[in-house]
Participant: 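My questions will all concern the structure given below.
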Amino acid sequence: MKEKELRRSLSVLPIGTVMKLTGLSARQIRYYEQKNLLAPKRSKGNRRLYSLNDVDRILDIKDYLNAGLKIAEIKHIYDKKRKQAAKQNHRMSGQISDNEARQLLKNELLNIGHLQSDFPDHHNYPV
DNA sequence: CTTCTAACA
DNA sequence: TGTTAGCA
């Protein structure tokens with residue numbers, strides 16, 4: 001893993017900061033976690049600690065919601081990303097088809113290999 | 001002072 | 001979702 005990614009995955013932001021960064025209430029941020037859309041780390045004092053990736057995900061969730069998606073649907077999107085990411089690593093060993101190569105490149109551009117972002121609608125990079 | 005959980009005049 | 005109580 002590259003250090004740039006490591007920093008984005010470092011959980012160091014208290015919920016108060018995330019509130020300002022996302023414009024959401026603590027209630028909402030905690031609610032999304034309860035729905036399993038988030039999994040922030042915890043400090044020794046049991047305080048939630050968010051990473052920049054978490055903030056990005058929260059921003060995405062915010063957009064998905066405004067786009068009319070329901071919590072359950074958003075959850076499914078992330079579950080599928082999870083499997084898709086695992087499938088990529090597993091396939092990394094042998095040769096990949098031309099189609100898979102295109103799919104992989106597209107994922108890179110969509111910033112998915114890192115567990116989030118993308119919506120079949122807006123981001124539509126020519127692959 | 002900030003955050004946490006649980007609960008609802 | 002907001003808000004509030006009672007802790008840590």
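For the numbers below, each heavy atom of this structure counts, side chains included, while hydrogens, waters and symmetry mates do not. In what follows, chains carry the letters A, B, and so on, assigned in the order in which the sequence lines appear, proteins first and then strands, with residues in each chain numbered from 1.
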Participant: Rounded off to whole Å, could you give me the CG-to-P distance for the Leu65(A) and dT1(C) pair?
Facilitator: 7 Å
Participant: Would you mind pulling out the nucleotide paired to dC7(C), Watson-Crick or G-U wobble, both distances under 3.5 Å?
Facilitator: none
Participant: Please state how far atom CG in Asn46(A) lies from atom P in dA6(B), giving the value in whole angstrom units.
Facilitator: 10 Å
Participant: Look at the side chain of Gln28(A) and decide which nucleotide, out of dT1(C), dT3(B), dT5(B), has an atom nearest to it.
Facilitator: dT1(C)
Participant: Using OP1 and OP2 only, check whether a side-chain N or O of Arg30(A) sits under 4.0 Å from dC4(B).
Facilitator: yes
Participant: Does a side-chain heavy-atom distance below 4.5 Å link Tyr50(A) with Thr22(A)?
Facilitator: no
Participant: Determine which nucleotide pairs with dA9(B), using a 3.5 Å limit on both distances of a Watson-Crick or G-U wobble pair.
Facilitator: none
Participant: Grab the CD1-P distance between Ile15(A) and dC1(B) for me, whole Å please.
Facilitator: 19 Å
Participant: Counting side-chain heavy atoms from CB outward, which of dT3(B), dT1(C), dG2(C) is closest to Ser25(A)?
Facilitator: dG2(C)
Participant: At less than 4.0 Å, is any side-chain N or O atom of Arg47(A) found next to OP1 or OP2 of dC1(B)? Yes or no.
Facilitator: no
Participant: Answer with base, sugar-phosphate or nothing: what part of the nucleic acid does Tyr32(A) contact at a heavy-atom distance below 4.0 Å?
Facilitator: sugar-phosphate
Participant: Quickly work out the Arg27(A) CZ to dT3(B) P distance and round it to whole Å.
Facilitator: 16 Å
Participant: Quiz question: going by heavy-atom distance under 3.5 Å, is there a donor-acceptor pair between the base of dT3(B) and the side chain of Arg48(A)?
Facilitator: no
Participant: Assign Gly45(A) to base, sugar-phosphate, or nothing according to its heavy-atom contacts below 4.0 angstrom with the strands shown.
Facilitator: nothing
Participant: Pick out which of Leu21(A), Asp60(A), Thr17(A) makes a side-chain contact (heavy atoms from CB on, under 4.5 Å) with Val55(A).
Facilitator: Leu21(A)
Participant: Taking Ile15(A)'s backbone N and O only, do any of them form a donor-acceptor pair with Arg47(A)'s side chain (distance below 3.5 Å, no angle check)?
Facilitator: no
Participant: Quick check: closest heavy atoms across Leu38(A) and Ile29(A), and the distance to 0.1 Å?
Facilitator: CD1-O, 3.8 Å
Participant: Donor-acceptor pair, distance only, cut-off 3.5 Å: does the side chain of Lys62(A) make one with the backbone of Leu24(A)?
Facilitator: no
Participant: Starting at OH of Tyr31(A) and ending at C1' of dA6(B), how long is that distance when rounded to a whole Å?
Facilitator: 16 Å
Participant: Measure the distance from NZ on Lys44(A) to P on dC7(C) and round it to the nearest whole Å.
Facilitator: 25 Å
